[in-house]
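Some notes on the structure that comes next.
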Amino acid sequence: MSLCLSDPLPREFYARDAVEVAQAILGMVLVHRTENGIIAGRIVEAEAYTQDDPASHAYIGMTPRNAVMFGEPGHAYVYFTYGMYYCLNTSTGPVGFGSGALIRAVEPIAGIEMMKNNRKTGKLTNLASGPGKLCQAFGLDRRHNGLDLTDGELTIHPGDPPGEIASALRIGIRLATDKPWRFYIKDNPFVSKK
DNA sequence: AGAGCGATGGCCT
DNA sequence: GGCCATCGCTCTA
C-alpha cells in the first residue's frame, strides 16, 4: 500500500479561531510515524473549545495540564481522561489564548493492521470512531503531548476535501451544551455518532 | 435501539 | 473528595 502525502499543513492553518479550525480540518490526514510503520487516517469529525467556553479545559486559565492550548498553534494537546483514555487536540488561535480543536474520529487509511491490534477489534468503523478510540488505535498517549503537528512524528496533511459538513452539539460535556461546535462530514460512516 | 453503569486515575479546590 | 471533552458491557424491549 502506498500513501502519497504533500507537506504538512502550515502553522497559519491553526492560527485562527478554533471554531474555524474544527471545520477546516475535516478531510485532512492525520499521520503517526511509529517504530513499526505509518498509521494514517482522514479526519471526519472535530469539536472546538475556546478559553471563554465553560466546557473547555482552558476556561479555568493556564495550568500544567492544559498549557499546550495556550501555546503556539499547531501543537498536539493530548490529555488523559476517565482514568484510561487519551484524547488528541490541535492547539489553535494566538499564543496566550487557550483554545483547540478536538479530533474525534478518523477514517482509517494506512496501518490498519496495527490499528486492529491496538484496538483489539477488526471492525473498520469501530477503529477510530471516537476520541479515545482514535488515540488507542494510533498509539497516542502523554508522550505525544506538545508535539509540533507541522513537522515530525505526528503531523496533519492536506487530504480529499469533505463533502457537506454538518454541525451539531458537542458530546460528553456538562457545561455550555448549547454551542453547535461539533463538526463532521455528513453521511460518513466513520463519525462517532449521528 | 436505547438507558444505565462500572472501570480507573489524574487534576483541581 | 468530586469531577471528568470515554468506552463497552449488560439489561430491558
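Source: prediction; values computed, not measured. Below, read A as the first sequence line, B as the second, and so on, with proteins coming before strands; counting in each chain starts at 1.
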Mind checking Gly83(A) for me? I need base, sugar-phosphate or nothing, with any heavy atom below 4.0 Å counting as a touch. base

Smallest heavy-atom separation, Asn118(A) atom then Ile39(A) atom, equals ND2-CD1, 4.3 Å

Around Asp151(A), counting heavy atoms of other residues, nucleotides and ligands shown, do more than 12 lie under 6.0 Å from its CG? no

In whole angstroms, the gap separating P of dC4(C) from OH of Tyr79(A) amounts to 12 Å

Nearest heavy-atom contact between Arg104(A) and Ser192(A) is NH2-OG, 3.2 Å

d(Thr150(A) OG1, Glu72(A) CD) to nearest 0.5 Å is 7.5 Å

Report each atom pair, protein N/O against N/O of nucleotides 3-7 of chain B, whose distance is under 3.5 angstrom.
none

Looking only at heavy atoms, the pair that brings Cys87(A) and Gly132(A) closest together is SG-N, 4.4 Å

To the nearest angstrom, the CZ-P distance between Phe183(A) and dA5(C) comes to 19 Å

d(Asn188(A) CG, Glu45(A) CD) to nearest 0.5 Å is 9.5 Å

Separation of dT6(C) atom C1' from Arg182(A) atom CZ, nearest Å, is 14 Å

Q. Hey, does Arg119(A) reach any base, or is it just sugar-phosphate, or nothing, if we go heavy atoms under 4.0 Å?
A. sugar-phosphate

Applying the Watson-Crick and G-U criteria (both distances under 3.5 angstrom) with [ ] for crossing and | for other-strand pairs, one obtains for DNA chain B |||||||.||||.

Short side-chain N/O contact from Arg174(A) to OP1 or OP2 of dA5(C), under 4.0 Å: no

When rounded to whole Å, the CG to P distance for the pair Leu127(A) and dC7(C) reads 13 Å

To the nearest angstrom, the CZ-P distance between Phe80(A) and dT6(C) comes to 14 Å

Residue pair Gly172(A)/Asn126(A) against DNA chain C: nearer the 5' end by closest nucleotide is Gly172(A)

Here the residues of residues 89-103 of chain A within 4.0 Å heavy-atom distance, strictly under, of DNA chain C are Asn89(A), Leu102(A)

note: Glu47(A), atom CD; dC4(C), atom P; distance rounded to Å ~ 15 Å

Within the structure, does a side-chain N or O atom of Lys133(A) lie under 4.0 Å from either OP1 or OP2 of dG8(C)? yes

Of the candidates dC12(B), dA5(C), dG8(C), the side chain of Ile60(A) sits closest to dC12(B)

Result for ring pair (Phe, Tyr, Trp, His ring centres under 6.0 Å) between His57(A) and one of Tyr79(A), Phe70(A), Tyr49(A) points to Tyr79(A)

Tyr86(A) OH to dC11(B) C1', in whole Å, measures 14 Å

Describe the nucleic acid contact of Arg65(A) in one word from base, sugar-phosphate, nothing, applying a heavy-atom distance below 4.0 Å. sugar-phosphate

Thr63(A) has its side chain closest, among dA5(C), dC12(B), dG10(B), to dC12(B)

If you draw a 6.0 Å radius around OH in Tyr59(A), do more than 12 non-hydrogen atoms from other residues or ligands fall strictly inside? no

Separation between OG1 (Thr90(A)) and CD1 (Ile43(A)), nearest 0.5 Å, reads 8.0 Å

NZ of Lys193(A) to CG of Leu169(A), rounded to nearest 0.5 Å, is 10.0 Å

In short, Pro8(A) meets Leu149(A) closest at the heavy-atom pair CB-O, 4.1 Å

Taken to the nearest whole Å, CZ/Arg142(A) to P/dG10(B) is 6 Å

Checklist entry - What orientation do Phe80(A) and Tyr86(A) show, parallel under 30°, tilted 30 to 60°, or perpendicular over 60°? => result tilted

